[in-house]
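What follows is a short report on a single structure.
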Amino acid sequence: MGKLILCMHTSLDGFVAGTKGEMDWIHVDDDIFEIAGKLTEQSDTALYGRVTYEMMENYWPTAGDNSGASKHDIQHSQWYNNVTKIVISKSLKNSGSNKTEIISSNVSTRVEELKKETKKDIVIFGSPTASHSLMVKELIDEYYLLINPVILGAGIPLFKNINRKVNLTLAESNTFTSGVVGLHYLKK
């Protein structure tokens with residue numbers, strides 16, 4: 001049985017994107033890519049919202065084929081092309097890929113089924129709208145939060161519509177030379 005793991009960049013004041021969805025403030029480097037690599041090694045399924053899925057589809061399928069592709073681009077591209085992709089969307093009707101399933105209704109039920117069906121974990125990179133709905137239903141088992149040293153003042157919040165207390169246990173913390181702090185929490 002797999003766990004549902006969220007990996008999300010956030011500003012110090014708790015925003016995952018600016019007011020227009022901008023993410024140019026997010027810091028990525030080899031330390032951050034190492035965390036992504038760790039998560040992809042332990043997962044066989046990726047879950048996205050429509051916007052993030054379309055962004056991923058436009059880059060990752062061929063990113064490893066480009067001349068000068070980094071080690072991370074090659075590894076993540078191979079992972080992306082091999083994993084099952086789950087997309088939560090009411091507007092996307094057909095992905096065009098046999099490795100992609102679109103969930104447009106009964107999201108909680110289907111995600112619970114997926115957690116039981118998968119041999120490894122399910123990872124969510126980004127996808128704030130999808131993550132919000134999964135958080136409300138308490139379906140996320142682990143949180144990898146990458147806190148960037150920036151205050152945005154406004155934007156898309158990390159947490160939204162959470163109506164009850166959710167107890168977490170800190171499993172790991174890392175401070176990177178970039179100033180990003182990585183926090184790994186487990187749901188109690």
Side-chain angles (χ1 to χ4, degrees), residues 2-53 55-56 60 72 75-76 79-80 83 85-88 107-108 111 114-115 118 120-188:
K3 298 179 302 278
L4 182 57
I5 302 171
L6 171 68
C7 183
M8 185 87 73
H9 282 272
T10 180
S11 65
L12 186 59
D13 54 345
F15 296 104
V16 298
T19 56
K20 296 178 182 163
E22 61 271 25
M23 297 181 289
D24 55 348
W25 52 271
I26 291 175
H27 182 82
V28 290
D29 60 15
D30 289 340
D31 290 334
I32 306 300
F33 293 149
E34 191 173 310
I35 289 174
K38 178 181 170 184
L39 292 173
T40 57
E41 284 175 13
Q42 68 190 45
S43 64
D44 59 5
T45 306
L47 191 148
Y48 302 109
R50 180 192 54 82
V51 173
T52 303
Y53 171 72
M55 196 169 59
M56 297 297 202
W60 286 114
H72 169 72
Q75 290 174 336
H76 200 83
W79 171 81
Y80 184 84
V83 296
K85 288 167 273 305
I86 307 299
V87 184
I88 297 174
V107 173
S108 298
V111 169
L114 286 165
K115 287 169 72 170
T118 58
K120 295 173 115 182
D121 293 329
I122 303 166
V123 67
I124 309 168
F125 288 111
S127 301
T129 303
S131 296
H132 291 152
S133 66
L134 297 167
M135 286 180 207
V136 167
K137 299 292 186 179
E138 296 187 36
L139 293 170
I140 296 176
D141 301 301
E142 297 183 20
Y143 294 82
Y144 276 86
L145 303 179
L146 299 165
I147 302 170
N148 286 251
V150 63
I151 296 171
L152 296 180
I156 300 170
L158 172 61
F159 299 105
K160 185 176 178 181
N161 299 324
I162 306 294
N163 298 333
R164 59 181 124 353
K165 181 170 118 180
V166 178
N167 291 312
L168 303 172
T169 301
L170 180 65
E172 179 183 10
S173 66
N174 295 293
T175 302
F176 303 109
T177 56
S178 63
V180 172
V181 175
L183 301 173
H184 176 199
Y185 288 101
L186 309 176
K187 189 168 81 174
K188 284 187 180 181

Please assess Thr45 against Lys120 for the test side chain to side chain contact (heavy atoms under 4.5 Å, CB included), listing each intermediate value before the final yes or no. CA-CA 8 Å; Thr45 306; Lys120 295 173 115 182; over 6 Å; no

Side chain to side chain contact (heavy atoms under 4.5 Å, CB included) assessment of Phe15 paired with Thr10: CA-CA 5 Å; Phe15 296 104; Thr10 180; 5.6 Å; no

Would Ile32 and Val180 count as a side chain to side chain contact (heavy atoms under 4.5 Å, CB included) here? Give the steps. CA-CA 9 Å; Ile32 306 300; Val180 172; 3.8 Å; yes

Ile122 and Ile5: side chain to side chain contact (heavy atoms under 4.5 Å, CB included), yes or no, with the steps? CA-CA 6 Å; Ile122 303 166; Ile5 302 171; over 6 Å; no

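Residues passing the ring-ring contact (aromatic ring centres under 6.0 Å, His included) test with His72, sequence neighbours excluded: Phe33, Trp60, His76. Every residue two or more places apart in sequence or in another chain that forms a side-chain contact (heavy atoms from CB on, under 4.5 Å) with Asp141 is listed here: Lys3, Leu4, Lys115, Lys187. Evaluation of the side-chain hydrogen bond (donor to acceptor under 3.5 Å, both in side chains) rule for Thr52 yields Ser127 as partners, not counting sequence neighbours. Legend: residues meeting side-chain hydrogen bond (donor to acceptor under 3.5 Å, both in side chains) with Asn174, ordered by chain and number and at least two apart, are Glu172. In terms of the side-chain hydrogen bond (donor to acceptor under 3.5 Å, both in side chains) criterion, Tyr185 has no residue partners (sequence neighbours excluded). With sequence neighbours left out, the side-chain contact (heavy atoms from CB on, under 4.5 Å) criterion links Val83 to Ala46, Trp79, Lys85.
A 4.5 Å side-chain heavy-atom check between Met56 and Phe125 finds at least one atom pair inside the cut-off. Residues Leu6 and Met135 have side chains in contact (heavy-atom distance under 4.5 Å, counting atoms from C-beta outward). Side-chain contact between Leu139 and Ser108 is present, with at least one heavy-atom pair separated by less than 4.5 Å.
With respect to Leu47, the side-chain contact (heavy atoms from CB on, under 4.5 Å) criterion is satisfied by exactly one of Val123, Val87, Leu134, Ile140: Leu134.
Atom CD1 of Ile88 and atom OH of Tyr48 lie 12.5 Å apart (nearest 0.5 Å). With values rounded to the nearest 0.5 angstrom, Ile86 atom CD1 is found 4.5 Å from Leu114 atom CG. In this structure, Cys7 SG and Ile35 CD1 are separated by 6.5 Å, a value rounded to the nearest 0.5 Å.
Residue pairs meeting the side-chain hydrogen bond (donor to acceptor under 3.5 Å, both in side chains) criterion with at least one partner in residues 12-26, sequence neighbours excluded, are Ser11-Asp13. Evaluation of the side-chain hydrogen bond (donor to acceptor under 3.5 Å, both in side chains) test over residues 149-171, restricted to residues two or more places apart or in two chains, returns Glu138-Arg164. Annotation: salt bridge (charged side-chain N to carboxylate O under 4.0 Å, His left out) contacts involving residues 127-136, sequence neighbours excluded, are absent.
A pairwise comparison of heavy atoms in Met8 and Gly126 identifies CE-O, 3.4 Å as the closest pair.
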Sequence neighbours left out, cut at 3.5 Å: what donor-acceptor pairs do the side chains of residues 144-159 make with other protein atoms?
| residue | atom | partner | partner atom | Å |
| --- | --- | --- | --- | --- |
| Tyr144 | OH | His184 | ND1 | 3.2 |
| Asn148 | OD1 | His27 | N | 2.7 |
| Asn148 | ND2 | His9 | ND1 | 3.1 |
| Asn148 | ND2 | Leu146 | O | 3.0 |

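No donor-acceptor distance shorter than 3.5 angstrom exists from the side chain of Asp31 to the backbone of Glu34, with no hydrogens or angles considered.
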